[in-house]
Amino acid sequence: MKIQFSKQSTEEVIASLKKEMTGRSLSDIVSMESDSGKLIIKISKLGTSTLTFDREERDSNIVFSLSSEKIAFAHKAFKDEVKEKLSGIIGKAGGKILQA
């Protein structure tokens, strides 16, 4: 999975994503943070799943590429549903999902 945004800091991307999640049930279980430019998304409910994305700058854009994922056993059945919801939020925050 790759996510593209216009060039900005990882913290600005996180702020945009959090703003789009405000008032949604997903905001209760999803947290985001930056670590050395990486984007880390954690889903916490009946276990914790962690998606880690490496950051790469391309011309006037930045691309976050999924570099590791640790999916909690209880989340495996809902993995596609959560990714779909996150994709919608990414789009509303000004990003887009790139084909791998």
Side-chain angles (χ1 to χ4, degrees):
M1 175 182 217
K2 293 185 180 201
I3 306 167
Q4 178 179 290
F5 281 91
S6 60
K7 194 173 276 188
Q8 56 193 297
S9 72
T10 302
E11 290 78 11
E12 289 171 313
V13 169
I14 290 171
S16 295
L17 292 169
K18 285 182 177 181
K19 181 179 176 186
E20 289 303 325
M21 286 191 342
T22 301
R24 297 174 184 249
S25 59
L26 204 56
S27 67
D28 295 335
I29 62 169
V30 175
S31 64
M32 292 174 237
E33 62 187 54
S34 173
D35 183 17
S36 303
K38 294 182 181 203
L39 172 63
I40 301 168
I41 300 174
K42 292 184 180 180
I43 301 142
S44 301
K45 184 177 181 179
L46 300 173
T48 300
S49 294
T50 304
L51 305 173
T52 303
F53 295 84
D54 290 336
R55 177 189 167 109
E56 176 186 347
E57 297 198 15
R58 296 184 183 172
D59 300 322
S60 61
N61 297 312
I62 54 171
V63 175
F64 292 100
S65 301
L66 183 63
S67 57
S68 72
E69 64 179 9
K70 295 177 186 171
I71 307 297
F73 182 76
H75 296 172
K76 291 182 190 260
F78 303 104
K79 180 180 170 181
D80 291 335
E81 180 183 341
V82 171
K83 280 188 176 181
E84 184 178 318
K85 287 182 180 182
L86 282 174
S87 294
I89 291 166
I90 289 164
K92 288 182 179 183
K96 67 179 182 177
I97 304 295
L98 303 177
Q99 297 300 320

Within-4.5 Å side-chain heavy-atom neighbours: Thr10 and Ile62: no
Within-4.5 Å side-chain heavy-atom neighbours: Val13 and Phe64: yes
Rounded to the nearest 0.5 Å, how far apart are [atom1] of [X] and [atom2] of [Y]?
X: Ser16; Y: Met32; atom1: OG; atom2: CE; value: 10.0 Å
X: Thr52; Y: Ile40; atom1: OG1; atom2: CD1; value: 5.0 Å
X: Ile41; Y: Ile89; atom1: CD1; atom2: CD1; value: 9.5 Å
X: Thr48; Y: Lys70; atom1: OG1; atom2: NZ; value: 11.5 Å
X: Leu39; Y: Leu51; atom1: CG; atom2: CG; value: 9.0 Å
X: Ile3; Y: Leu86; atom1: CD1; atom2: CG; value: 8.0 Å

Ser27 side chain to Thr22 backbone, donor-acceptor under 3.5 Å: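 No, the answer is negative, given that no donor and acceptor are paired below the 3.5 Å cut-off.
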Donor-acceptor under 3.5 Å (Glu12 side chain, Ser9 main chain): yes
For Lys19, side chain to side chain contact (heavy atoms under 4.5 Å, CB included) partners two or more places apart: none
Listed partners of Gln4 passing side chain to side chain contact (heavy atoms under 4.5 Å, CB included), at least two apart: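 Only Asn61, Val63, Lys96, Leu98 meet the side chain to side chain contact (heavy atoms under 4.5 Å, CB included) criterion with Gln4.
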Sequence neighbours excluded, every pair satisfying salt bridge (charged side-chain N to carboxylate O under 4.0 Å, His left out) that has a member inside residues 25-36: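 Found none.
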Salt bridge (charged side-chain N to carboxylate O under 4.0 Å, His left out) partners of residues 40-59, not counting sequence neighbours, each pair once: Lys7-Glu57, Lys38-Asp54, Arg55-Glu57, Glu56-Arg58
Closest non-hydrogen atom pair, Met1 against Ser87: CE-OG, 4.0 Å
Going by side chain to side chain donor-acceptor pair (under 3.5 Å), name the residues that satisfy it together with [X], two or more places apart in sequence or in a different chain.
X: Ser49; result: His75
X: Ser65; result: none
X: Ser34; result: Glu11

Leu17 vs Phe5, side-chain contact (heavy atoms from CB on, under 4.5 Å): CA-CA, chis, key distance, verdict: CA-CA 11 Å; Leu17 292 169; Phe5 281 91; 4.1 Å; yes
Listed partners of Lys83 passing salt bridge (charged side-chain N to carboxylate O under 4.0 Å, His left out), at least two apart: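 Applying salt bridge (charged side-chain N to carboxylate O under 4.0 Å, His left out) to Lys83 gives Glu69.
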